[in-house]
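Quick caveat, the model's predicted, so the values are computed rather than measured. In what follows, chains carry the letters A, B, and so on, assigned in the order in which the sequence lines appear, proteins first and then strands, with residues in each chain numbered from 1.
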There are 2 protein chains.
Amino acid sequence: MDVKTLCLGALTLGDATGYEIHKMFDDGPFGQFYDAGYGSIYPALGALLKADLVTVVQLAQEKRPDKKVYSLTPSGLALFKKALAEPPAKDRFRSDHIVRLFFADYMSKSDLQAVYDSYLCHFQTQAEKLRSIDIQNFRNGRTFALQMGLRFYETMSAFLVENQGQLLNDYCPNPMDDGTEQTRNQGTGDD
Amino acid sequence: MDVKTLCLGALTLGDATGYEIHKMFDDGPFGQFYDAGYGSIYPALGALLKADLVTVVQLAQEKRPDKKVYSLTPSGLALFKKALAEPPAKDRFRSDHIVRLFFADYMSKSDLQAVYDSYLCHFQTQAEKLRSIDIQNFRNGRTFALQMGLRFYETMSAFLVENQGQLLNDYCPNPMDDGTEQTRNQGTGDD
DNA sequence: GAGATATATATCAAACCAATATATATGATT
DNA sequence: AATCATATATATTGGTTTGATATATATCTC
């Protein structure tokens, strides 16, 4: 799902500027399950405009750059619906934190502790944020996605607390100096 | 965390070819929390080789392309450890599935049902896969990361089952034709 | 015998990311 | 009053990543 489609989706929630769309991915309703930077959003909006999938109203502001407020056109909405009807790509999760937990034995105990702490804090903060959102205004899928996110953060946070000992008390640094555990890699084990 | 660093990490588990490293991200121990395609792995290995962070042994094979087995050098391991000691980037999760659940009201009920089914199946399959892995050989962080992944898949799968009704029974398509819910976007609500 | 999947490397265009530049306002700290 | 950080707002750039494709063969399934 490319940033163009994502922008169309964002605009179904109401007219917005590129800056506002970015915020939606940063700390807004999309942040939980997608993200996009300015470097993708502004070109995407430009392309959508050229294809008449959105319109723009340029608002001159006193001492700031012009605000360009984008709106979805009917063909833009139609294309978005069409995109939603296509089979979804595989979920993608990438975590620098878990890489570090996985390679715990190549880290110092204090670094490991720091990663653990920041990770727990992250999950707790996110959970708190979602809990504070008033669910009344949402309907159906919106509520569902939000609750799913909340469940995720709560579960991960609980997991970290429950298994802290396994990671930190049982910590022992890798005894090998050459960096290999086997001479040859063995794959998943099911090949 | 770039693919070069990830390749170094993969090689700490044992010597491997680019193909094998890719498998590790595809269905191996890394797949849960990172991924990388051939288009990143092969150039990364080339760059690592040039920088003496890995070595390569080219094995001629009878009727297949030469196998290039890469090994970590001491300086490669040192660099990897250094990378682990740096503060981790924010986790990134992107889900085409949740985008569709979020925009449920812009989908047909049958398409929504299909997304739900494939998502549930995905989580259940992944959980089963992790459950079947023998944990005896792993230690510390390896076990921790694996169990964390298992907990994630089990929780998400349970969530989908528990809240199926909210998504599918309470489903109602968006009544609006113009695609907007408000005239102007309101952000998170906390600005 | 056709077709799909697995082994194995490699490349390329399109897309994306992180950082930076520009310019101003506001709020916090010293 | 000065400094600093954060927020508003658009835009660009270099480097990295993605997804698809090409090549060549073996094996397994229908």
Asker: Restricting to side-chain hydrogen bond (donor to acceptor under 3.5 Å, both in side chains), what partner residues turn up for A:Thr143, sequence neighbours left out?
Answerer: none
Asker: By ring pair (Phe, Tyr, Trp, His ring centres under 6.0 Å), which residues pair with A:Tyr42, not counting sequence neighbours?
Answerer: A:Tyr38
Asker: Whole Å only: how far is the NE2 atom of A:His22 from the C1' atom of D:dA7?
Answerer: 13 Å
Asker: OH of A:Tyr70 versus P of D:dA9: gap in Å, rounded?
Answerer: 14 Å
Asker: Give a yes/no on whether any side-chain N or O of B:Lys23 is located under 4.0 angstrom from OP1 or OP2 of C:dT7.
Answerer: yes
Asker: Which word best sums up how the rings of B:His122 and B:Tyr119 line up, parallel for under 30°, tilted for 30 to 60°, or perpendicular for over 60°?
Answerer: parallel
Asker: Linking I/L/V/M/F/W/Y whenever any side-chain heavy atoms sit under 4.5 Å apart, do A:Leu13 and A:Tyr19 land together?
Answerer: no
Asker: Would you kindly give the NZ-to-P distance between B:Lys67 and C:dT7, to the nearest whole Å?
Answerer: 9 Å
Asker: Under 4.0 Å between a side-chain N or O of A:Arg92 and OP1 or OP2 of D:dT17?
Answerer: no
Asker: For B:Tyr70, which residues count as a ring pair (Phe, Tyr, Trp, His ring centres under 6.0 Å) partner, sequence neighbours excluded?
Answerer: none
Asker: Atom NZ of B:Lys90 to atom P of C:dC17: distance rounded to whole Å?
Answerer: 13 Å
Asker: Using atom CD1 of A:Ile21 as one end and atom C1' of C:dC16 as the other, report the distance to the nearest whole Å.
Answerer: 16 Å
Asker: Could you state the atom-to-atom distance from CG of B:Leu49 to C1' of C:dA10 in whole Å?
Answerer: 15 Å
Asker: Quick check on C:dC16: is either OP1 or OP2 less than 4.0 Å from any side-chain nitrogen or oxygen of B:Arg94?
Answerer: no
Asker: Show each protein N/O and nucleotides 12-15 of chain D N/O combination with a separation under 3.5 Å, one pair to a line.
Answerer:
none

Asker: Applying ring pair (Phe, Tyr, Trp, His ring centres under 6.0 Å), name anything that partners A:Phe93, two or more places apart in sequence or on another chain.
Answerer: none
Asker: Check the distance between D:dT16's P and B:Leu48's CG and give it to me in whole angstrom.
Answerer: 12 Å
Asker: Answer yes when B:Arg100 and B:Asp96 have at least one side-chain N-carboxylate O distance shorter than 4.0 Å, and no when they do not.
Answerer: yes
Asker: Determine: side-chain N/O of A:Thr17 to OP1/OP2 of D:dT10, distance under 4.0 Å, yes or no.
Answerer: yes
Asker: For the helix from C:dG1-D:dC30 to C:dT30-D:dA1, what angle lies between the axis at the first five pairs and the axis at the last five pairs, to 10 degrees?
Answerer: 50°
Asker: Under the 3.5 angstrom rule, does the side chain of B:Lys109 hit a backbone N or O of B:Leu168 as a donor-acceptor pair?
Answerer: yes
Asker: Please tell me which of A:Val3 and B:Gly18 maps to the more 5' nucleotide of DNA chain C, matching each residue to the nucleotide holding its nearest heavy atom.
Answerer: B:Gly18
Asker: Return the value, rounded to whole Å, for the distance between atom CD1 of B:Ile41 and atom C1' of D:dT16.
Answerer: 14 Å
Asker: Is the distance from OP1 or OP2 of C:dA10 to the nearest side-chain N or O of B:Lys68 less than 4.0 Å?
Answerer: yes
Asker: Has the side chain of B:Thr73 got a donor or acceptor atom that lies under 3.5 Å from a matching backbone atom of B:Leu53?
Answerer: yes
